[in-house]
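One structure is given below, encoded as structure tokens.
Just so it is clear: chains get the letters A, B, ... in the order the sequence lines come, proteins before strands, and each one is counted from 1. Atom set for the values below is all heavy atoms of this structure, side chains included, hydrogens, waters and symmetry mates excluded.
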Amino acid sequence: MEEDTDSFTNRPPWSSAAAAEGGSLPPTENISLSEFETFAVERLKLLKTVETLGVSYVKGSEDYIRKLNAEISNLSFPYRAEATGDKKQQVGATEQEKRRKDHISHFILRLAYCQTEDLRRWFIQQEMDLFRHRFGELASKHKTEFLHQNELRYDTITTDEKTSLMEKLVQSTYSISGASVLEQDIYKVPFQDALDLVRMRKVFLRAGYAYIAHQDIITIVLNDYRTRLSKALALTARSLPTVQSDERLQPLLGHLSHAYVGQDYSVQKNVGKISLEQIDSLAVKSFPLCMRELHRSLREQHHLRHGGRMQYGLFLKGIGLTLDQALQFWRAEFVKGKVDADKFDKAYAYSIRHMFGKEGKRTDYTPYSCLKVILSNPPSQGDHHGCPFRHSDPELLKQKLQSYKLSQAGINQIMELVKGMHYQLACQKYFELTHNIEDAGFSLNHPNQYFAESQKLLTGGREVKKEVDSPSTGQGAPARKTSDTSQGKSGTLTESKPGNPVPAEAEMAEDLDSLFQDD
Amino acid sequence: MPECNYDAASLPDLLPLYYRRLFPFAQYYRWLNYGGVTKNYFQNREFSFTLKDDIYVRYQSFSNQSELEKEMQKMNPYKIDIGAVYSHRPNQHNTVKSGTFQALEKELVFDIDMTDYDDVRSCCSSADICSKCWTLMTIAIRILDRALREDFGFRHCLWVYSGRRGVHCWVCDDSARKLSVAARSAICEYLSLVKGGEETLKKVQLSDPIHPFVKESLAVVEHYFSQYALVGQDILGSKESADKILALVPDDILFHITQVRKDLAAFFQTERSPTKRWDRLQSLVQKRSSKKAAHAEKEIMLQYCYPRLDVNVSKGVNHLLKSPFSVHPKTGRISVPIDLRDVDKFNPFDVPTISLISEELNQPRAGEEREEGKDGEKEVGEKRKIRDYKRTSLAKYIKVFDNFLDGMERSRKGELLRKSDLQKDL
């Protein structure tokens, strides 16, 4: 946290950890726009994979590691074997290339993702997970080396202390067993430097110090990395006006940054096409389970707490409710409960106008994606928001599905997916069962996407069903060529090769959109 | 009952008197100025006022105690909230370039609200509280205060009654005020054991081995459980409430649940004593105990008694929280500091209302002069105010606040001494 952050801050996360490579500063070489774009898009794809795997698998599990390594080498980023610094064994040029790409692409995304709190949080989270994975693949001695290089030195505790704290250390730390306490080094670290362990209650805390086993040292490294990266992003944000005055980069960076959630479903063509009377029946037919539940709770209790209002309110905005409709809708329901019209106007109307970008910072908020619903702000007492597949007791979920007349076989399939933590797939299965189709034909990542797909199916958009077409064309995505038939992992990305003319923004947009909608 | 005579309609008439003669401005300023160690610490602090008709004024800030005093006496806020210390004066936030106006520091705060316990208390619901369920707040204070001190090493935790249905904690140590958002949220998660919303029945899951923090917390819960939950809330008193508890036992025991139910039903027919019923339940559960269910009864106890934090309040540096000594407009009660040495005896219904202390002020009381001796050095204007509040039942709570402030002052002095010693050594 001192002044001397440069040695680490300015290094891209990996090459710094990998080996004593020279490049500790942002890249200064010239780079063609097309390469700039390719690098950025591919790193984004990698981070996107990191995010997706993090939801589908337990981080650090065998499957997770295998799939992530596959993606890393698939996209030609440096990994494992190369990280040991034994450069001779590698095909020199390729290795050098990979590192260059790793380095440059990280810094490009810093530019694109420093602009808002939300973007920063997402970027830091994914880069942290990537870093954790890569660090985990290092050999033990390289880990220690790394600590020293980055001046992360901490006091170890004495044998006497170990003996007196033995019981507590064993009870609090998974990687310590009774016998191993005396053998290994245990570091005494200010708790602020080990937040991940504190958060998960996997460390012994006393008087503001965390007692960390040698195996858990990665937490410190990550914590340090997080601090530095987030400071660096704040600094980058300040220099942004200069960057944005470059008219070649500005649209590119803008697009890169808002691509992270895929289509954001904030700009709608069908604004005002839905009447309030339709909502009850739509909730049953075309809402994903999370929204159906929120709607039901709202109707039953004439109230939703903040988390629920945000999740459901933005969804409704996304399917086309106007601000006036939204106000009418919420007011009508709330006044049936304990809130009178006057109180509603004072206490709740503001936040609804806020959602539509009419108050405060005037940000036009976008509906929540599945990942956001699943990962952030879990429901607590009195809350009905969240993802029913993620945040319900299995038994309650089962009963709910039964009450919605799903077949027993279907319910079992859903419960299996839930058990494997494939919440989005479970929801997709729910879609298939409630719409009586074999294969949804799209990959679900947004509640509003669920709604759009359902409407397409129910209102005669039959022909769409068979095609593995990009799922959201009906929702006002920018005009696109249909030639990108292959939606495979890397299909659409290899098109812009160095030497190509600078892609127009529209094409760029296509690449990114297809990237984010299809995996 | 003195609190009965508070009438919300009289608040506009009472507030001017309260801010003119009773509000402890000196202590309040002494608190938020933190010894004047950091430049502009008080000046850059956000206050926000709720005025008549729910008019909400954010980003108020004041140069010094007397400006704060004058402004509060002018505006007579129904409610006062305290926000963060910003990079610039909050009342000038519109004049600085956007993006540069940032929340830098704030006390680490916790907000515990009785409404969050509605699924586990039978005596009251939503905003209502009674002396029975208040035990939940006592438990919360004991558990969190211990952890904040012993685990996290904080020393200056100010616990405050919110004025209606909950308590707040202000951790005021230098290091606490500087915590990042990530650190605040990590602390909250460390301290949270009850998780899940309306779609989760079983909200506590313990894993093996049990972490020392959980053990310490359990010890507190165990101390109160029998008297509070079994007897007070009578959680095994009816079939419905007993079923609610059985639903928390993991499935591999539930497999035998019909048998357990039968057993219990038969036992309950003859046995009325809540503690004996609990013992029976415990032994039945333990008999079937598998690995997954090893902690079933501990989990039940925690679900019914463990503090429920409003995490969002604690996480944000810029989040506002109701200020100590603000009046609660609904109950008229003053938001007062709680004496930790006597936390079991704290009774929210004894906390004075604004009507009560206004009345006390109007009744001349004999012998008030005697209490004054030690305030000799304070200035004359202060003296009058001190004399005023000392004549009311607010006095003992302000004393608690004074003690808290003295403690912080001692730490600051100790820190200064330590630093100058270090310099000497060099």
Side-chain angles (χ1 to χ4, degrees), chain A residues 124 165 167-174 190-192 194-210 223 226-227 230 234 237-238 240 293 297 305-308 338 342-343 346-347 350 361 377-386 388 391-397 400, chain B residues 53-56 98-100 102 113 115-120 126 147 149-155 173 175-176 178-203 207-215 247 251 254 308-312:
Chain A
I124 292 175
L165 294 176
E167 191 193 354
K168 294 197 157 138
L169 289 171
V170 173
Q171 284 167 354
S172 56
T173 315
Y174 290 154
F191 81 87
Q192 288 95 330
L195 292 179
D196 283 340
L197 291 176
V198 172
R199 189 190 314 279
M200 295 158 78
R201 222 181 289 116
K202 280 184 177 166
V203 68
F204 175 58
L205 278 187
R206 200 177 63 175
Y209 288 92
N223 201 76
R226 182 203 295 272
T227 312
S230 97
R238 273 190 231 160
L240 210 58
E293 288 307 295
S297 315
R305 294 177 34 136
H306 179 75
K338 280 191 216 154
D342 190 41
K343 166 117 199 245
K346 271 178 193 149
Y350 178 92
K361 277 187 290 181
N377 190 25
S380 65
Q381 191 55 45
D383 285 331
H384 294 271
H385 70 268
H391 297 115
S392 305
D393 279 347
E395 204 47 43
L396 291 185
L397 177 61
K400 186 154 295 148
Chain B
D53 295 325
D54 287 331
I55 294 167
Y56 196 53
S98 90
T100 54
Q102 273 165 348
D113 191 326
T115 45
D116 289 331
Y117 292 84
D118 274 2
D119 61 328
V120 291
S126 62
R149 285 169 206 275
E150 293 176 16
D151 298 2
F152 290 98
F154 297 125
R155 297 164 61 191
D173 300 54
S175 60
K178 291 184 189 347
L179 289 170
S180 65
V181 173
R184 287 166 205 254
S185 94
I187 294 174
C188 285
E189 284 193 45
Y190 178 91
L191 295 172
S192 297
L193 285 178
V194 183
K195 290 179 178 167
E198 293 298 290
E199 304 303 315
T200 316
L201 286 180
K202 189 165 170 59
K203 296 191 165 90
S207 55
D208 258 330
I210 294 187
H211 190 278
F213 161 76
V214 179
K215 279 205 174 145
D251 355 348
L254 271 180
R308 301 174 172 207
L309 302 175
D310 186 338
V311 181
N312 291 319

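- Electrostatic pairing of A:Lys202 and A:Asp196 does not count as a salt bridge here, judged by no charged N lying under 4.0 Å from a carboxylate O.
- Neither the backbone nor the side chain of B:Ile55 comes within contact range of chain A; no heavy atom of the residue lies under 4.5 Å from a heavy atom of that chain.
- For A:Asn377, the part sitting under 4.5 Å from any heavy atom of chain B is the side chain, from C-beta outward, and nothing else.
- Contacts of A:Arg305 with chain B are made by side-chain atoms alone, with heavy-atom separations under 4.5 Å and no backbone atom involved.
- Under 3.5 Å, the side chains of B:Arg308 and A:Ser380 contain no donor-acceptor pair of N or O atoms.
- The contact between B:Asp54 and chain A is made entirely by side chain atoms (from C-beta outward), counting heavy-atom distances below 4.5 Å.
- When the options A:Ser392, A:Pro379, A:Ser297 are evaluated for a side chain to side chain contact (heavy atoms under 4.5 Å, CB included) with B:Glu199, the one that passes is A:Ser392.
- Remark: the B:Ser175 side chain and the B:Asp173 side chain contain no N/O donor-acceptor pair separated by less than 3.5 Å.
- Heavy atoms of B:Glu150 lying under 4.5 Å from chain A belong exclusively to its backbone.
- Annotation: B:Phe152 is in aromatic contact with B:Tyr190 [ring centroid separation under 6.0 Å].
- Among residues two or more places apart in sequence or in another chain, the side chain to side chain donor-acceptor pair (under 3.5 Å) test is passed with B:Lys202 by B:Glu299.
- When the side chain to side chain contact (heavy atoms under 4.5 Å, CB included) test is applied to B:Thr200, the partners found at least two apart in sequence or on another chain are A:Asp393.
- Using a 4.5 Å cut-off between heavy atoms, B:Tyr56 makes no contact with chain A at all.
- We find that B:Asp119 and B:Lys203 are joined by a salt bridge, their nearest charged nitrogen and carboxylate oxygen being less than 4.0 Å apart.
- Counting heavy-atom pairs under 4.5 Å between each of A:Phe204, A:Tyr209, A:Phe191 and chain B puts A:Phe191 at the top.
- Other residues, nucleotides and ligands place more than 12 heavy atoms under 6.0 Å from the CZ atom of B:Arg149.
- Counting heavy-atom pairs closer than 4.5 Å to chain B, the top residue among A:Arg199, A:Glu167, A:Arg238, A:Met200 is A:Arg199.
- Across B:Asp118, B:Val214, B:Leu191, B:Ile210, the residue that shares the most heavy-atom pairs under 4.5 angstrom with chain A is B:Ile210.
- A:Leu396 touches chain B through its side chain: at least one heavy atom from C-beta onward sits under 4.5 Å away, while N, CA, C and O do not.
- Interface residue A:Lys346: only side-chain heavy atoms are found under 4.5 Å from chain B.
- At a 4.5 Å heavy-atom cutoff, the contact between B:Ser185 and chain A is made by backbone and side-chain atoms alike.
- Note on A:Leu397, A:Val203, A:Asp342: by heavy-atom pairs under 4.5 Å with chain B, the leading option is A:Val203.
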